[in-house]
S.K.: 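Okay, handing you the structure first.
Only a predicted model underlies this, so the values are computations on that prediction, with no experimental measurement involved. Just so you know, these numbers use all the heavy atoms, side chains as well, and skip hydrogens, waters and symmetry mates.
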Amino acid sequence: MLLTGARLTDGRTVDVRLGGGRIQAVGTAGSLPAAALSRVDLTGYLLLPAPAEPHAHGDTALTADGDGPVSYAPDEVQRRATEAALLQLGHGATAVRSHVRIGDVHGLGPMAAVLQARRSLRGLADLTAVAVPRLLTGLAGADGLAMLRDAVKMGASVIGGCPDLDPDPAGFLEAVLELAAEHGCPVDLHTDGDDPARLARLAAMAGGLRPGVTIGPCGGLSRLPLDVAGRAADQLAAAGVRVTCLPQGDCAALERRGLRTAPVRLLRASGVGVAAGSGALRDAGNPVGRGDPLEAAYLLASQGGLRAGEAYESVSSCAREAMGLPEVRVEAGFPAELLAVRGDRIAGVLSLAYSRIVIHRGRVVARTSAVREYCDSAVAVALDLPRQGRTEPGP
């Protein structure tokens with residue numbers, strides 16, 4: 001496939017040749033041979049590394065408008081997880097990490113359903129599942145620990161949970177980290193982050209664990225005194241613990257304690273790797289959640305104090321790094337995980353990201369087109385107001 005006329009963030013206009021799921025070549029417009037290649041005309045589009053979604057809840061997505069209790073029948077969970085992943089793919093996220101609650105009366109059914117959704121999405125998007133038990137300590141936690149082991153054997157590739165909700169948070173952490181070390185799994189935990197002693201303990205226990213530990217959404221860090229939050233950030237950075245914030249609002253896994261985003265600038269200044277996720281997608285955590293990585297980046301730029309480029313990195317390169325995925329750049333040799341958005345600069349893209357073309361493993365897997373037109377009027381002609389639409393048949 002040949003992508004033609006794409007604009008890069010450095011201002012260049014280039015052609016990009018894809019093959020074998022990777023970027024084969026990047027050259028000036030018109031410089032790459034095009035024989036026998038399918039073409040996608042990206043004139044008017046900014047070409048970016050595709051975003052990734054590091055914090056989704058596919059098992060509960062799209063349930064806010066339902067009547068009565070949420071159904072956890074396997075076919076319903078699979079349908080929701082699949083539809084949610086496709087919605088996020090349409091926004092540009094070619095990789096999604098979905099936290100799946102296990103235990104209680106539903107057992108491992110939701111996990112099996114999300115893993116089936118992962119299989120059905122192969123070739124469209126990469127979906128990974130995080131096993132999220134409720135309790136892991138005491139008599140009540142014995143079943144949770146056994147079920148967590150079974151979830152890993154089934155195919156859950158990340159171990160999660162909510163230590164804040166366990167009667168023994170330190171014991172919960174110890175159980176999770178031991179199991180992760182045993183199976184070589186990454187860890188991704190829910191925590192509000194409002195207890196500095198608990199964060200210090202987590203940093204001490206998690207330091208050196210490979211392939212790594214991520215926590216989020218950590219909105220409670222924003223409620224701590226600045227010096228206390230700074231010390232906690234330094235400890236997390238020293239231990240290599242990453243943070244996934246949720247600028248669009250909380251998820252239902254934690255009790256809502258005030259919709260505040262983690263202090264992203266403070267964490268970044270301390271050297272903490274910070275990714276941004278979408279969290280709830282129209283469920284109890286956020287009945288109007290969009291699951292749009294570019295909205296998360298927009299909020300970090302408009303309210304979180306990040307520059308537009310930094311905000312986009314939080315949902316792309318930083319998110320991929322937190323998820324253990326290979327780096328993506330618009331350069332030869334890198335994976336062909338790309339997002340083309342109509343516009344010419346990052347700031348404009350985050351402001352008006354209407355039309356998008358999503359490329360996964362070297363092929364177009366989703367397209368969203370928006371057309372903006374104005375009625376004929378003297379003012380529209382005089383101001384030469386922009387039109388967002390195609391004047392000729394496109395790819």
S.K.: Below 4.0 angstrom, N of the basic side chain to O of the carboxylate: do Arg361 and Asp126 qualify?
M.R.: yes
S.K.: Got a second to check how far Leu226's CG is from Leu266's CG, nearest 0.5 Å?
M.R.: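 So the gap between those two atoms works out to 6.0 Å.
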S.K.: When you measure from the side chain of Thr82 to the backbone N and O of Ala117, does any donor-acceptor pair fall under 3.5 Å?
M.R.: no
S.K.: Is there a side-chain contact between Arg80 and Tyr72 in this structure, where contact means two heavy atoms from C-beta onward sitting under 4.5 Å apart?
M.R.: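 Yes, close enough: below the 4.5 Å cut-off.
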S.K.: Hey, are Arg134 and Asp104 close enough for a salt bridge, meaning a charged N less than 4.0 Å from a carboxylate O?
M.R.: no
S.K.: Is there a side-chain contact between Val70 and Thr60, using heavy atoms and a 4.5 Å cut-off?
M.R.: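 No - every pair of side-chain heavy atoms lies 4.5 Å or more apart.
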S.K.: Using a 3.5 Å cut-off and no angle test, enumerate the donor-acceptor pairs between side-chain atoms of residues 197-214 and protein atoms at least two apart in sequence or in another chain.
M.R.:
unit_1: Arg198; atom_1: NH1; unit_2: Asp164; atom_2: OD1; d: 3.4

S.K.: Take Arg97 and His55 through the test side chain to side chain contact (heavy atoms under 4.5 Å, CB included) and record every step on the way to the result.
M.R.: CA-CA 6 Å; Arg97 176 180 280 188; His55 193 115; over 6 Å; no
S.K.: Starting from Leu115, can I reach Leu86 by hopping between I/L/V/M/F/W/Y residues whose side chains sit under 4.5 Å apart?
M.R.: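 Yes, Leu86 connects to Leu115 through the hydrophobic network.
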S.K.: Would you confirm whether Ser351, through its side chain, and Gly348, through its main-chain N or O, come within 3.5 Å as a donor-acceptor pair?
M.R.: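 Not a single qualifying donor-acceptor pair exists.
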S.K.: Which pair of non-hydrogen atoms, one from Ser31 and one from Asp15, has the smallest distance, and what is that distance?
M.R.: N-OD2, 4.1 Å
S.K.: If every non-hydrogen atom of Arg260 is compared with every non-hydrogen atom of Ser222, which pair is closest and at what distance?
M.R.: NH1-O, 3.5 Å
S.K.: Quick one: pull up CZ in Arg329 and CG in Leu48 and give me the separation to the nearest 0.5 Å.
M.R.: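 Spacing of CZ (Arg329) from CG (Leu48) equals 15.0 Å.
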S.K.: Where is the tightest heavy-atom contact between Leu281 and Gly291, given as atom of each residue plus distance?
M.R.: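 Reported closest heavy-atom pair: CD1-N, 3.7 Å.
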S.K.: Under a 4.5 Å side-chain heavy-atom rule over Ile, Leu, Val, Met, Phe, Trp and Tyr, are Met1 and Val16 clustered together?
M.R.: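 Yes, one cluster joins them.
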S.K.: Would you say Thr63 and Asp283 are linked by a side-chain donor-acceptor pair, where the criterion is simply a distance under 3.5 Å?
M.R.: no
S.K.: State plainly whether one hydrophobic cluster holds both Ile346 and Leu47, where clusters connect Ile, Leu, Val, Met, Phe, Trp and Tyr through side-chain heavy atoms under 4.5 angstrom apart.
M.R.: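 No; Leu47 is not reachable from Ile346 via cluster members.
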S.K.: Using the side chain to side chain contact (heavy atoms under 4.5 Å, CB included) rule, pick out the option among Glu53, Arg356, Glu295 that qualifies with His91.
M.R.: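 By the side chain to side chain contact (heavy atoms under 4.5 Å, CB included) criterion, His91 pairs with just one of Glu53, Arg356, Glu295: Arg356.
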S.K.: Which atom pair, heavy atoms only, marks the closest approach of Pro167 to Leu135?
M.R.: CD-CD2, 3.7 Å
S.K.: Using atom types as modelled and distance alone, determine if a side-chain donor or acceptor of Glu321 lies under 3.5 Å from a backbone N or O of Ser316.
M.R.: no
S.K.: Taking atom CG of Leu338 and atom CG of Leu3, what is their separation to the nearest 0.5 Å?
M.R.: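 The CG atom of Leu338 sits 7.0 Å away from the CG atom of Leu3.
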S.K.: What distance do Arg363 atom CZ and Ser38 atom OG have between them, rounded to the nearest 0.5 Å?
M.R.: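 Those atoms lie 11.5 Å apart.
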S.K.: I'd like to know if the side chain of Arg342 and the backbone of Ser355 have a donor-acceptor N/O pair within less than 3.5 Å.
M.R.: no
S.K.: Check whether any side-chain heavy atom of Ser317 lies under 4.5 Å from a side-chain heavy atom of Tyr312, and answer yes or no.
M.R.: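 A side-chain contact is absent here, since even the closest heavy-atom pair is not under 4.5 Å.
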S.K.: Do Asp192 and Leu221 pass the side chain to side chain contact (heavy atoms under 4.5 Å, CB included) test, and can you show the C-alpha distance, the side-chain angles, and the key distance before you say yes or no?
M.R.: CA-CA 7 Å; Asp192 188 56; Leu221 269 173; over 6 Å; no
S.K.: Inspect the contact between Glu331 and Arg22 and indicate whether a charged nitrogen and a carboxylate oxygen are less than 4.0 angstrom apart.
M.R.: no
S.K.: Which value, rounded to the nearest 0.5 Å, describes the distance between Arg231 atom CZ and Asp234 atom CG?
M.R.: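 The CZ atom of Arg231 sits 9.5 Å away from the CG atom of Asp234.
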S.K.: Does atom OH (Tyr298) have a neighbourhood of more than 12 heavy atoms from anything else shown, all under 6.0 Å?
M.R.: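 Result for OH/Tyr298: open.
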S.K.: Would you check, one step at a time, whether the test salt bridge (Lys or Arg N to Asp or Glu O under 4.0 Å) holds for Glu313 with Arg320?
M.R.: CA-CA 9 Å; Glu313 286 174 1; Arg320 289 184 64 86; over 6 Å; no
S.K.: Is it the case that one hydrophobic cluster holds both Met323 and Val315, taking links as side-chain heavy atoms less than 4.5 Å apart, direct or via other members?
M.R.: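 The answer is no; the residues belong to distinct hydrophobic clusters.
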S.K.: Are Glu178 and Glu182 side-chain neighbours, meaning at least one heavy-atom pair lies under 4.5 Å?
M.R.: no
S.K.: Looking at every heavy atom in both Ala81 and Val114, which two are closest together, and how far apart are they?
M.R.: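 Shortest heavy-atom separation between Ala81 and Val114 comes out as CB-CG2, 4.1 Å.
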S.K.: To the nearest 0.5 Å, how far apart are SG in Cys218 and CZ in Arg223?
M.R.: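 It comes to 10.5 Å.
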S.K.: In terms of side-chain heavy atoms, does Asp168 have a donor or acceptor partner in Thr137 at a distance below 3.5 Å?
M.R.: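 No, because no side-chain N or O of Asp168 sits under 3.5 Å from a partner of the opposite role on Thr137.
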S.K.: Leu18 versus Ile359: any side-chain heavy-atom pair under 4.5 Å?
M.R.: yes
S.K.: Taking Leu124 as the starting point, is it possible to reach Val364 by hopping between hydrophobic residues whose side chains are less than 4.5 Å apart?
M.R.: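 No; Leu124 is not reachable from Val364 via cluster members.
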S.K.: With side chains defined as the heavy atoms from C-beta onward, is the minimum distance between Leu46 and Arg345 less than 4.5 Å?
M.R.: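 SC-SC contact between Leu46 and Arg345 ruled out.
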S.K.: Taking the basic N atoms (NZ, or NE/NH1/NH2) and the acidic carboxylate oxygens, is any pair closer than 4.0 Å for Arg307 and Glu310?
M.R.: yes
S.K.: Do Val264 and Leu306 have side chains that get closer than 4.5 Å, going by heavy atoms?
M.R.: yes
S.K.: Take His183 and Arg149 through the test side chain to side chain contact (heavy atoms under 4.5 Å, CB included) and record every step on the way to the result.
M.R.: CA-CA 9 Å; His183 291 275; Arg149 291 182 178 276; 4.2 Å; yes
S.K.: Before giving the answer on salt bridge (Lys or Arg N to Asp or Glu O under 4.0 Å), spell out for Arg101 and Asp59 the whole-Å C-alpha distance, their side-chain angles and the decisive distance to 0.1 Å.
M.R.: CA-CA 8 Å; Arg101 186 167 173 175; Asp59 56 337; over 6 Å; no
S.K.: Do Arg242 and Val272 make a side-chain contact, defined as non-hydrogen atoms from C-beta onward lying under 4.5 Å apart?
M.R.: no
S.K.: Could you tell me which non-hydrogen atom of Ala262 sits nearest to which non-hydrogen atom of Cys245, and how far apart they are?
M.R.: CB-CB, 4.0 Å
S.K.: Specify whether His57 and His190 have parallel, tilted or perpendicular ring planes, treating 30° as the upper limit for parallel and 60° as the lower limit for perpendicular.
M.R.: tilted
S.K.: Checking Leu32 against Leu2 for the side chain to side chain contact (heavy atoms under 4.5 Å, CB included) test, could you report, in this order, the C-alpha distance in whole Å, the side-chain angles of both residues, the deciding distance, and whether it holds?
M.R.: CA-CA 8 Å; Leu32 299 180; Leu2 186 68; 4.0 Å; yes
